[in-house]
Amino acid sequence: MPELPEVECIRQAIEPHLLGQRVQAATLLRSDICTRSTPRVAYPKALLEGGVITGTLRHGKQVALVADDGRTLCVHLGMSGQMLINPPATLSHVHALWTIGHPPIRLVFRDPRRFGGLWTFQSPDDLRRDRWSALGPDALTIETAALRDALATTSRPIKAALLDQALIAGVGNIYADEALFRARISPFHPGHSLAPDQLAALAESIRGVLAAAITARGSTLRDYRNADGSRGQAATLHHVYARRGLPCTRCGQPLAGALVAQRSTVWCLGCQLR
DNA sequence: CCTTAATCCTGGAAGC
DNA sequence: TGCTTCCAGGATTAAG
């Protein structure tokens, strides 16, 4: 669900509540959101119970909490995952919760569709080596050269390549379409044959679109909420996503729609010619 | 290599 | 109103 901007907003929102605070208790309410963890460390210790949180990390769409003894908890929100601070006690689909600091605050992992999950590691280096090494460079700071390298060997449509987290980490269906519109590139252009000016424009567009979405506190379409339960405003910035058939904000002609890599894709036939 | 389809789930919206 | 169908921000797997 949440793409890079939404995950970064959550990281920024929860971090001040956690830094320097001790995890008084951690509770796993649904063990199957954790069964894919790499090392089988006993719960709730693996969920940082007893540790003091010293930092947060993010790579692409994944976020992690780090404790003072190195224990590291990676959170992937999937399609409908949320991390919430002090939510209502009646909230449904809560799969894990933490009581942190004093006076204690309650941190909750909620995920109705359960495509997300938690992964536990002994150290941040273990997380990077065993899990994040499968991801490409982070999209928020992607440079032209890194984008070129990531796309060099794929003939797939650029839209499909942007969705592949092993090539670039953090771009999902919304921001792939928005970045391609901003760079005026057709979603069908083969990844490895983008011209140098297109690579530069696309790298700039990816960074710009993601940064703007973070400033607007993320795109709330239906499910996404910030850590305090509020909605993001980034959907008002969308030029193409979910606007099939509506006039292009640049040239006015109706936006086209198609399925690319099984994902709904919207673009402008007039502005995104090559 | 690439693409497509199926799969994991829930729930809101649209259609009848 | 009620029932059915479709669709969704993600990601992996198998098959062609």
Visitor: Verify the stacking flag for A:F115 against B:dC8: centroid separation must be under 5.5 angstrom and the ring planes must differ by under 30 degrees.
Guide: yes
Visitor: Which pairs, with at least one residue in residues 234-245 of chain A and sequence neighbours excluded, count as a side chain to side chain donor-acceptor pair (under 3.5 Å)?
Guide: A:S219-A:H238, A:H239-A:T249
Visitor: Could you tell me the separation between the CG atom of A:D223 and the C1' atom of C:dA8, rounded to a whole number of Å?
Guide: 8 Å
Visitor: Expressed in whole Å, how much space separates the P atoms belonging to B:dA14 and C:dG9?
Guide: 16 Å
Visitor: Any sub-3.5 Å donor-acceptor pair from A:S230's side-chain atoms to A:N226's backbone N or O?
Guide: no
Visitor: When you check the gap from the basic side-chain N to the acidic O, do A:R156 and A:D164 get nearer than 4.0 Å?
Guide: yes
Visitor: Using whole Å, report how far CG of A:D32 lies from P of B:dC8.
Guide: 13 Å
Visitor: Could you give me the CA-CA distance, side-chain angles and deciding distance for A:R217 and A:Q233, then say whether side chain to side chain donor-acceptor pair (under 3.5 Å) is met?
Guide: CA-CA 6 Å; A:R217 306 196 66 211; A:Q233 301 304 314; over 6 Å; no
Visitor: Using a strict 4.0 Å threshold on nitrogen-to-oxygen distance, state whether A:R114 and A:D111 make a salt bridge.
Guide: no
Visitor: Is a donor-acceptor contact shorter than 3.5 angstrom present between the side chain of A:R114 and the base of B:dC9?
Guide: no
Visitor: Sugar-phosphate means primed atoms, P, OP1 and OP2; the rest is base. With that split, encode nucleotides 2-7 of chain B 5' to 3' as B, S or - using protein heavy atoms under 4.0 Å.
Guide: SSSS--
Visitor: Roughly how many Å is it from NE2 in A:H238 to P in C:dG9, rounded to a whole number?
Guide: 11 Å
Visitor: A:H93 NE2 to B:dC8 P: how many Å, rounded?
Guide: 18 Å
Visitor: What heavy-atom pair brings A:V171 and A:A139 nearest, and what distance separates the two atoms?
Guide: CG2-CB, 3.7 Å
Visitor: Quick check against the 3.5 Å criterion: does A:T120 have a side-chain atom that pairs as donor or acceptor with the backbone of A:L118?
Guide: no
Visitor: Where is the tightest heavy-atom contact between A:T72 and A:P124, given as atom of each residue plus distance?
Guide: OG1-N, 3.1 Å
Visitor: Tell me what A:Y241 touches on the nucleic acid: a base, only sugar-phosphate, or nothing, going by heavy atoms under 4.0 Å.
Guide: sugar-phosphate
Visitor: When you compare the side chain of A:H189 with that of A:L180, does any pair of heavy atoms fall below 4.5 Å?
Guide: no
Visitor: Answer with base, sugar-phosphate or nothing: what part of the nucleic acid does A:S264 contact at a heavy-atom distance below 4.0 Å?
Guide: sugar-phosphate
Visitor: In whole angstrom, give the distance that lies between atom CG of A:L221 and atom C1' of C:dG10.
Guide: 14 Å
Visitor: Using whole Å, report how far CZ of A:R222 lies from P of C:dG9.
Guide: 10 Å
Visitor: Output a table of nitrogen or oxygen pairs between the protein and nucleotides 11-14 of chain C separated by less than 3.5 Å.
Guide:
from   : atom 1 : to    : atom 2 : distance (Å)
C:dA11 : OP1    : A:H76 : NE2    : 3.1
C:dA11 : OP2    : A:K61 : NZ     : 2.7

Visitor: Got a sec, which residues hit salt bridge (Lys or Arg N to Asp or Glu O under 4.0 Å) with A:K61, two or more places apart in sequence or on another chain?
Guide: none
Visitor: In the hydrophobic clustering (ILVMFWY, side-chain contacts below 4.5 Å, transitive), which residues join A:V260, or is it alone?
Guide: A:F188, A:W267, A:L269
Visitor: In whole angstrom, what separates A:D177's CG from C:dA8's P?
Guide: 12 Å
Visitor: Could you state the atom-to-atom distance from CD1 of A:I33 to P of B:dT10 in whole Å?
Guide: 14 Å
Visitor: In dot-bracket form, how is DNA chain C paired, counting a Watson-Crick or G-U wobble pair only if both its distances are under 3.5 Å and using | for bases paired to another strand?
Guide: .|||||||.|||||||
Visitor: Looking at CD of A:E8 and CG of A:L140, how far apart are the two atoms once the value is rounded to the nearest 0.5 Å?
Guide: 6.5 Å
